[in-house]
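The chains referred to below are lettered A, B, ... by the order of the sequence lines, with proteins before strands, and numbering in each begins at 1.
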Protein chains: 2
Amino acid sequence: MPEPRRITSADVARRAGVSRATVSYVLNATPGQSISTATRDRVLQAAAGLGYAPSAAARTLRTGRSDVVLCLLPDWPIGNEVGNLLGNLSTALAREGLTFVAHPGSRADRPIAEIWKAITPAAVLSFTDFSDDETEAMRAAGVALVVALLGRAGRHGRELEVPQQLVGTRQAEHLLATGHARLGYAYPDDPRLQIFAEPRLAGVRTALAAVSGRSSSGASAAGPRVETVPLDVAQAAVAVERWRAAGVTGVCAYNDEVALAVLAGARALSVTGLAVIGVDDIPAARLAVPPLTTVTTDQRTLAAHLATTIVAAVSGRPTPVLRTADLIRVVARESA
Amino acid sequence: MPEPRRITSADVARRAGVSRATVSYVLNATPGQSISTATRDRVLQAAAGLGYAPSAAARTLRTGRSDVVLCLLPDWPIGNEVGNLLGNLSTALAREGLTFVAHPGSRADRPIAEIWKAITPAAVLSFTDFSDDETEAMRAAGVALVVALLGRAGRHGRELEVPQQLVGTRQAEHLLATGHARLGYAYPDDPRLQIFAEPRLAGVRTALAAVSGRSSSGASAAGPRVETVPLDVAQAAVAVERWRAAGVTGVCAYNDEVALAVLAGARALSVTGLAVIGVDDIPAARLAVPPLTTVTTDQRTLAAHLATTIVAAVSGRPTPVLRTADLIRVVARESA
DNA sequence: CTGTTAGCGCGTTCAT
DNA sequence: ATGAACGCGCTAACAG
């Protein structure tokens, strides 16, 4: 069997009896070019018949820009929700003609630069911030855009703020509304999660401050009792004990897993009446004892917004604003 | 600010006072070319000083092969374990100079061909099988390799068999060893998971058949009682009831989440003494009531094997064999 | 030995 | 609707 030669635009041109230029114009529907419907159809026929697929490499080389959006995944465990978000994002970007790919694995494996060098993406999406050098290197290499999720706003190029604070705020509001005044915060054990945990905790603080500011007895401006809660029953029990001692009756957990640990700790201590609220609504949440009250983000809407932002940035349009109103919802079950 | 021109090998050549060819030879350490250490160093200096990064597009165009390995993710929810596997795989491939990226999102969004056309990968990794047409198209387009996880072995090119059957076998063996003779199987509700569920269930059957074949009362060659278990307490309870009626005392669940549902169902019915074993060891497993016994796969070893297989295939070497002996382990807790 | 010249791979786009 | 040049790196053939 002979080496299966790639089908190029020259093949299509030959088959259609036209020049390669014409093929290009037809296939790209280049504006400002008048091509007769007859030739147009012949080219389309030929392309389809041969199963022509333009070489992404050649096109990228020529135009200096690919249609790939690269997402650099952080090295912390990817849960279901993030997986979900990525899926939605991929779908949304596909509608805009962009191909979404994610690169897992820590930066320790390879310098970050090597990754995008190998891909030549139109945009890079990251969860953590880039250093100025990295940002500059990407600009220099022709990467159109750097978007950093969770980055401090306004430092580099464009930034997207996924509203993590709001998550914490909603949690606290729910607990406060159900009669819990002294709150605890269950902080994750894994230091890599800090980047998400801090803004969420800040959101809880905001909600508490708003309440204490409103109440006449402005003295109790106490923030939440923060305890680090490993995913382990015995260690979680220790945290529960401390909260009890401090008079805490409601706990906002970093996410559902940490919340489950709190529940397990309370159970081990036979403590009842400690309200717990998680984040994410993982499948295990509804199956927990008691069923876990939690907070979810509308991933579809969020993904759509991220997609629009990316598209806008790639094409140089201004960044749209996210309406965060209905983005985050409480799923009330029995734990809080 | 002027348009930041890309730095090309010509820039490096100019700076080092040599030709572009020399730059290429030095930077690629091309064998069979003798270049004096002096020039070599000058080139290296220049490259480093300018922050030169070869254009992946140009290189791919010229060589017809990129160093990217593309993984097509299935559209079912990817959990922690898969995320983990991808991370390990990425690390392992990085060591071989390959860049790993994953594309989430269903094939409904875009025809599968569009994806790899946009990436020009050296290899494509998929969980589900490809059609013959797709396989042929990839070959024709110059994609070096098609690897299908979970594919029926031997149909297309190379195939990797992630040992799902073994997972089910281990589960059943554990239950049988702890005195449970009549087993149930908790099948997932989501039809997209069937591709994983079938081989696991088959593994359970294998283990049961082995036992009944061994025992003198060969009559009880009964397979497991299969019940579909949605992630919902009430519906799971129905399944538990049926198992009870059939005298089942031990249940192998498709994964930990389904196992948690079974546990919740049993709890709702106040049924005690039903042994349950899951798969994956998700964080919630150890926090369940009772703590969930489960089966885990050594993702690091598996990832290493996948990586070697991919590398072997890309470079045309024979596929290595996976030693499955210690790959899958039971994590015994209290539920079984 | 040491390093250079020249042409290719493929799609895009300007000028004719 | 076309010829020709271009983007960038690789490498066979060749000269000092």
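The nearest whole Å value for the distance from the CG atom in B:Leu27 to the P atom in D:dG9 is 10 Å. Regarding B:Tyr52, its OH atom lies at a distance of 10 Å from the C1' atom of D:dC10, rounded to whole Å. As rounded to whole Å, 10 Å separates atom P of C:dT12 from atom CZ of A:Arg20.
Stem analysis of DNA chain D (at least three stacked-register Watson-Crick or G-U pairs, each with both distances under 3.5 Å) gives C:1-16 with D:1-16.
B:Ser66 pairs by the side chain to side chain contact (heavy atoms under 4.5 Å, CB included) definition with B:Thr60, B:Val68, not counting sequence neighbours. Scanning for side-chain hydrogen bond (donor to acceptor under 3.5 Å, both in side chains) contacts around A:Thr91 gives B:Asp109, with sequence neighbours left out. Applying the side-chain hydrogen bond (donor to acceptor under 3.5 Å, both in side chains) criterion to B:Arg95, with sequence neighbours excluded, gives no partner residue. By the side-chain hydrogen bond (donor to acceptor under 3.5 Å, both in side chains) test, A:Arg192 pairs with A:Asp190, sequence neighbours left out. Considering only residues two or more places apart in sequence or on other chains, A:Thr99 meets the side-chain hydrogen bond (donor to acceptor under 3.5 Å, both in side chains) condition with B:Arg110. Applying the side chain to side chain contact (heavy atoms under 4.5 Å, CB included) test to A:Gln194 and every residue at least two apart in sequence or in another chain returns A:Tyr187, A:Glu198.
Remark: nothing in residues 36-50 of chain A comes within less than 4.0 Å of DNA chain C through any heavy atom.
Screening residues 10-30 of chain B for side chain to side chain donor-acceptor pair (under 3.5 Å) gives B:Arg5-B:Asp11, B:Asp11-B:Arg14, B:Ser19-B:Thr22 as the qualifying pairs, with residues at least two apart or on separate chains.
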Distances under 3.5 Å only, N/O to N/O: pair up the protein atoms with those of nucleotides 14-16 of chain D.
none

Quick one: which protein N/O atoms are closer than 3.5 Å to N/O atoms of nucleotides 14-16 of chain C? Pair and distance per line, please.
unit_1, atom_1, unit_2, atom_2, d
C:dC14, N4, A:Tyr25, OH, 2.6

Take A:Asn88 and A:Thr301 through the test side-chain contact (heavy atoms from CB on, under 4.5 Å) and record every step on the way to the result. CA-CA 9 Å; A:Asn88 285 133; A:Thr301 304; over 6 Å; no
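Counting atom types as modelled, B:Arg62 pairs a side-chain N or O with a base atom of C:dC8 as donor and acceptor under 3.5 Å.
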Please list every donor-acceptor pair under 3.5 Å in which a side-chain atom of residues 37-46 of chain A meets a protein atom from a residue at least two apart or in another chain.
unit_1, atom_1, unit_2, atom_2, d
A:Thr39, OG1, A:Ser36, O, 3.0
A:Thr39, OG1, A:Ser36, OG, 2.4
A:Arg42, NH1, A:Ala16, O, 2.4

